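Residues: numbered from 1 along the sequence shown. All ligand and atom numbering here is 1-based and tracks the order in the structure. Please read all numbers here as calculations on a predicted model, not as lab measurements.
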Amino acid sequence: MTTTSMKDVARAADVSVGTVSNVLNRPDAVAEETRRRVQAAIARLGYVRNDSARQLRAGRSRNVAIVVLDVANPFFTDVVRGAEPLVDTAGGVVTVCDSGEDVGREAKQLEILEEQRVLGLLITPVDNSSAERLARLAAHEIPVILVDRGAGLHPHCSVAVDDVHGGRMAARHLLELGHESIAFAGGPTSIPQVDDRLTGCREVCEGAGAGLEVLTSVSLNVTGGREAVEQMLALPRPPTAVFCANDLIALGALQGLTMRGIKVPEECAIIGYDDIDFAAAAAVPLSSVRQPRAQLGRTAAQLLFDEISEGPGHTHRNVVFQPELVARASTAVNL
Ligand code: RIB
């Protein structure tokens, strides 16, 4: 008995396989008429979603590897937790690898994961240096899903957030409060997400004739935030606001300013990025640009299993979510 595939449903409903996947996973993202047509085709053909047994190809590992930049960053914890339920349902297991933003460490991890013939790989690459190895993994039937990163020209599915727009939102928020000069505290711009956030911030500042001090790259963590504050306060005319490329840097900036007796937000405003739980729980609750972290993980896992079940006919999909500004006490003063 041949089983009905997603491609059969797509053909019957005259839509793409991606639309069928959206009807199954994100029905709210599909127009009602199209959704009904796909659902009717599913019913008519008796399509049954791949069960866990079929999702895991015989003779393959049941291990889904997730390589993250910093396992101590709650952003990645939330992404992993978003991915796990789908992997569990498919009878698999998640293994987390921490590249520590180190390309050599990442390369070693990818080499071992390739030898292990893992079922699939979700990764936030340190930079583009792993592109060739990731393409090879994909060629060896180990699907690679880029997380928190657009695929660009790389042959992979990806799930990301529009970080350029996120950078614009953060800068616009600060300028609307009356700040005329902003500091940007981010990690190395070789990390595309950081570069995109800076790009959006710079675009708004230049458009408004506002000052922008780009602090030399700091680590994407609390220590980096404290270092950024020291750099900013050493400037001849320190800005009155700092946009941090993630919330860990923002927490470090808050600590650094507080230790120097500088009031937040009265004397310096802070906005971060990700909206991890610690942002709202900080001594001065942090404004942030929210990333849908669990949804990023869940969608990445779904893209992986879609690619496995669709086989060679799979068409890569690049999902982009929109960020959301969350204003809290750390920017709650109009100048
Ligand atoms: O993935 C790079 C950065 O983007 C991480 O630091 C994480 O916080 C996200 O904001």
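At a threshold of 4.0 Å, the pair Glu176-Arg172 does not count as salt-bridged, since none of the basic side-chain nitrogens sits closer than that to a carboxylate oxygen. Between Arg226 and Glu230 there is no salt bridge, since none of the side-chain N atoms of the basic residue sits less than 4.0 Å from a carboxylate O of the acidic one. Salt-bridge formation is detected for the pair Glu310/Arg317: a Lys NZ or Arg NE/NH1/NH2 atom is positioned less than 4.0 Å from an Asp or Glu carboxylate oxygen. Using a 4.0 Å cut-off between charged nitrogen and carboxylate oxygen, Asp275 and Arg328 count as a salt-bridge pair. We find that Arg133 and Glu106 are not joined by a salt bridge, their nearest charged nitrogen and carboxylate oxygen being 4.0 Å or further apart.
Protein residues having a heavy atom under 4.0 Å from any atom of ligand 1 are Leu69, Asn73, Phe75, Phe76, Thr124, Asp148, Gln193, Arg197, Leu220, Asn246, Asp274, Gln291, listed by chain and number.
Cation-pi geometry between Arg197 and Tyr273 is met: the NZ or CZ atom falls under 6.0 Å from the ring centre, inside 45° of the normal.
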